[in-house]
Amino acid sequence: MNIQKNISLKNYNTFGISVNAKRFVSIDSLYNLQQLLKKEQQLFLISGGSNMLLTKDIEKLVVHLNLKGISIDKESENTVHLTVNAGENWHEFVLWCIQEDYGGIENLSLIPGNVGTCPIQNIGAYGVEVKDTITKVEAVEINSGKLVTFSNKECEFGYRNSIFKNKVKGKYIITSVSFQLTKGTHHLNTSYGAIENELGNKKITNPSIKDISDAVIAIRKSKLPDPKEIGNSGSFFKNPVISTTLFEKLKEKYPTITSYPISEEEVKVPAGWLIEQCGFKGKRFGEYGVHEKQALVLVNYGNASGKDIYTLAQTIQKTIKETFTIDLEIEVNVI
Ligand code: EPU
């Protein structure tokens with residue numbers, strides 16, 4: 001295990017923020033991880049670095065989780081069970097599944113990050129959440145070094161949420177995720193308006209999982225910045241859930257406001273819309289700003305600091321509260 005000293009984390013987070021790691025180690029096997037945990041437990045974990053905003057130098061040992069490999073556990077005529085190590089890139093895994101004709105995660109194409117972090121925030125897009133395909137998650141307990149299995153139910157998945165963000169936060173390192181996917185006959189989810197439009201434009205009436213993946217890639221590319229070109233962390237805020245009473249009140253004042261139903265008493269409203277209404281969409285403040293095509297995404301044009309971006313996020317939260325009496329919750333981890 002090669003522990004490096006004083007390295008910049010700029011290339012290890014999709015926001016492209018440069019902070020210093022006093023000590024840094026890349027881990028590529030479960031064995032090495034368990035050996036490391038015997039000596040050290042005060043760690044700062046980094047995987048795909050796609051859901052964090054770094055605002056300060058990291059004093060703890062930074063552990064880059066780089067466990068690779070995919071194995072097929074069992075197959076039947078219509079399903080396949082796979083286990084994927086945490087350090088595999090999510091989108092490359094999705095593309096591999098499409099090539100193998102394994103269905104279920106095609107709507108989640110082009111989401112940044114690694115497989116090991118997909119359960120933490122239960123990644124979701126275009127009507128699909130990853131929780132619907134996960135069978136179990138394996139993780140090492142930091143204190144004991146023991147390998148533990150969480151069943152799907154034990155993960156306590158919710159909207160952009162799981163047990164790993166709550167009860168057991170900071171206690172485990174996810175080492176692999178197991179999935180159940182479809183083979184041959186797939187359950188396609190094309191109900192999301194943007195996908196329907198994209199397929200319609202291409203005159204595709206009987207789409208394959210590849211067609212859906214291609215459509216999602218085209219939609220995402222048209223709205224969301226590529227982290228390789230402009231630093232970002234996808235949606236910076238969660239879509240807030242508000243009472244139907246407040247929604248009706250807002251609708252009188254802002255007739256174009258939209259909502260997704262949650263229950264009789266509550267609806268979810270698009271944070272991107274709220275932020276756009278307050279005039280932030282496309283606003284640039286030197287090295288950072290709000291993306292011009294999707295107001296839910298904050299961007300680093302090159303050399304912004306994490307503190308700059310965090311201050312902008314707080315200004316947005318304050319403005320949304322004053323304008324709509326809605327609390328916007330930050331979705332990324334602010335460090
Ligand atoms: N909208 C605006 N202005 C904007 C952005 C959006 O008015 O600047 C409106 C749109 O017109 C639309 C609604 O808001 O009516 C929803 O927009 P969109 O379909 O882009 O989805 P979203 O709710 O803003 C969520 C996820 C995305 C995911 C998309 C597609 C969250 C926090 N975000 O965004 O996830 O890709 O749906 O399913 O739930 C991510 O988590 O990093 C992410 C990108």
Side-chain angles (χ1 to χ4, degrees), residues 13-15 48-53 90-91 94 105-114 117-132 157-162 165 189-198 212-213 215-227 230-242 247 250-251 254-262 267-284 289-299 313 316-317 319-320 323-324 326-334:
N13 69 102
T14 61
F15 247 125
S50 62
N51 203 39
M52 57 170 65
L53 177 65
W90 173 261
H91 180 58
V94 173
I105 52 175
E106 53 282 354
N107 294 46
L108 306 180
S109 296
L110 215 59
I111 293 186
N114 287 351
T117 41
C118 77
I120 302 179
Q121 58 149 323
N122 178 25
I123 57 171
Y126 309 106
V128 171
E129 289 184 317
V130 76
K131 72 174 172 59
D132 299 327
F157 289 121
Y159 166 61
R160 293 296 191 277
N161 213 350
S162 75
K165 278 175 104 173
N189 193 326
T190 57
S191 56
Y192 200 89
I195 295 189
E196 271 179 355
N197 289 345
E198 189 68 27
I212 293 179
S213 170
V216 168
I217 290 172
I219 299 162
R220 287 188 78 96
K221 280 195 169 156
S222 73
K223 278 198 193 174
L224 298 166
D226 179 350
I230 303 176
N232 76 90
S233 203
S235 301
F236 196 88
F237 302 96
K238 284 188 187 181
N239 284 333
V241 174
I242 63 170
F247 180 72
L250 290 172
K251 185 118 187 130
Y254 307 95
T256 59
I257 190 170
T258 53
S259 69
Y260 318 106
I262 296 280
V267 294
K268 202 191 279 179
V269 288
W273 186 90
L274 301 173
I275 299 168
E276 183 173 348
Q277 291 303 302
C278 293
F280 286 106
K281 190 171 183 172
K283 273 265 163 74
R284 181 169 177 166
V290 179
H291 188 52
E292 54 183 5
K293 295 184 191 134
Q294 164 57 286
L296 198 45
V297 178
L298 305 189
V299 292
I316 292 173
Q317 282 178 311
T319 312
I320 299 296
T323 314
F324 301 106
I326 291 177
D327 290 306
L328 265 197
E329 197 185 328
I330 292 180
E331 204 274 309
V332 308
N333 294 309
V334 179

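Order of appearance sets the numbers: ligands from 1, and atoms from 1 within every ligand.
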With heavy atoms of [X] as the reference, note each atom of ligand 1 found under 4.0 Å away.
X	answer
Ala125	36 (O), 38 (O)
Phe237	32 (C)
Lys281	3 (N), 4 (C), 8 (O)
Tyr159	31 (C), 32 (C), 39 (O)
Gly234	42 (O)

Could you tell me whether Lys221 atom NZ has more than 12 heavy atoms of other residues or ligands within 6.0 Å of it?
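Atom NZ in Lys221 is not packed in, count stays at 12 or less.
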
Looking at ligand 1, is there an atom of it that comes within less than 4.0 Å of some heavy atom belonging to [X]?
X	value
Tyr260	yes
Arg160	yes
Arg220	yes

What's the shortest distance from [atom] to any protein heavy atom, and which residue and atom give it?
atom	answer
atom 43 (C) of ligand 1	Ser235 OG, 3.0 Å
atom 30 (C) of ligand 1	Tyr126 CE2, 3.4 Å
atom 29 (C) of ligand 1	Tyr192 OH, 4.4 Å
atom 1 (N) of ligand 1	Trp273 N, 3.8 Å
atom 8 (O) of ligand 1	Ala295 N, 2.8 Å
atom 14 (O) of ligand 1	Pro270 CB, 3.2 Å
atom 6 (C) of ligand 1	Gln294 OE1, 3.7 Å
atom 25 (C) of ligand 1	Asn239 ND2, 4.2 Å

Which atoms form the tightest heavy-atom contact between [X] and [Y], and what is the distance?
X	Y	result
Phe280	Thr319	CZ-OG1, 3.6 Å
Lys281	Gln294	CE-N, 4.0 Å
Thr256	Trp273	OG1-CZ2, 3.3 Å
Ser233	Phe15	CB-CE1, 3.3 Å

side-chain contact (heavy atoms from CB on, under 4.5 Å), that's the test. Do Asn239 and Tyr159 meet it? Break it down for me.
CA-CA 10 Å; Asn239 284 333; Tyr159 166 61; 3.4 Å; yes

Hey, are Ser50 and Thr14 close enough side-chain-wise for a donor-acceptor pair under 3.5 Å?
no

Have Asn107 and Ser109 got a donor and an acceptor in their side chains that come within less than 3.5 Å?
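No - no donor-acceptor pair under 3.5 Å links their side chains.
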
Are Lys165 and Glu331 close enough for a salt bridge, meaning some N to O gap below 4.0 Å?
yes

When you look for heavy atoms under 4.0 Å from ligand 1, do you find them on the side chain of Glu276, its backbone, both, or neither?
side chain

Evaluation steps, side-chain contact (heavy atoms from CB on, under 4.5 Å), between Thr323 and Tyr254
CA-CA 11 Å; Thr323 314; Tyr254 307 95; 3.6 Å; yes

Quick one: does Lys223 get an N or O within less than 3.5 Å of an N or O on ligand 1?
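Looking only at distances, the answer is yes, because the N/O contact criterion of under 3.5 Å is met.
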
Less than 4.0 Å between atom 41 (O) of ligand 1 and some protein heavy atom, yes or no?
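Yes; the ligand atom in question has protein heavy-atom contact below 4.0 Å.
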
Return yes when at least one protein heavy atom is under 4.0 Å from atom 4 (C) of ligand 1, and no when none is.
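When distances to the protein are checked, atom 4 (C) of ligand 1 has a heavy atom within 4.0 Å.
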
Show me, pair by pair, the donor-acceptor contacts under 3.5 angstrom made by side chains of residues 123-132, not counting sequence neighbours?
none

Would you mind telling me which of Val269, Ile242, Leu274 makes a side chain to side chain contact (heavy atoms under 4.5 Å, CB included) with Leu250?
Ile242

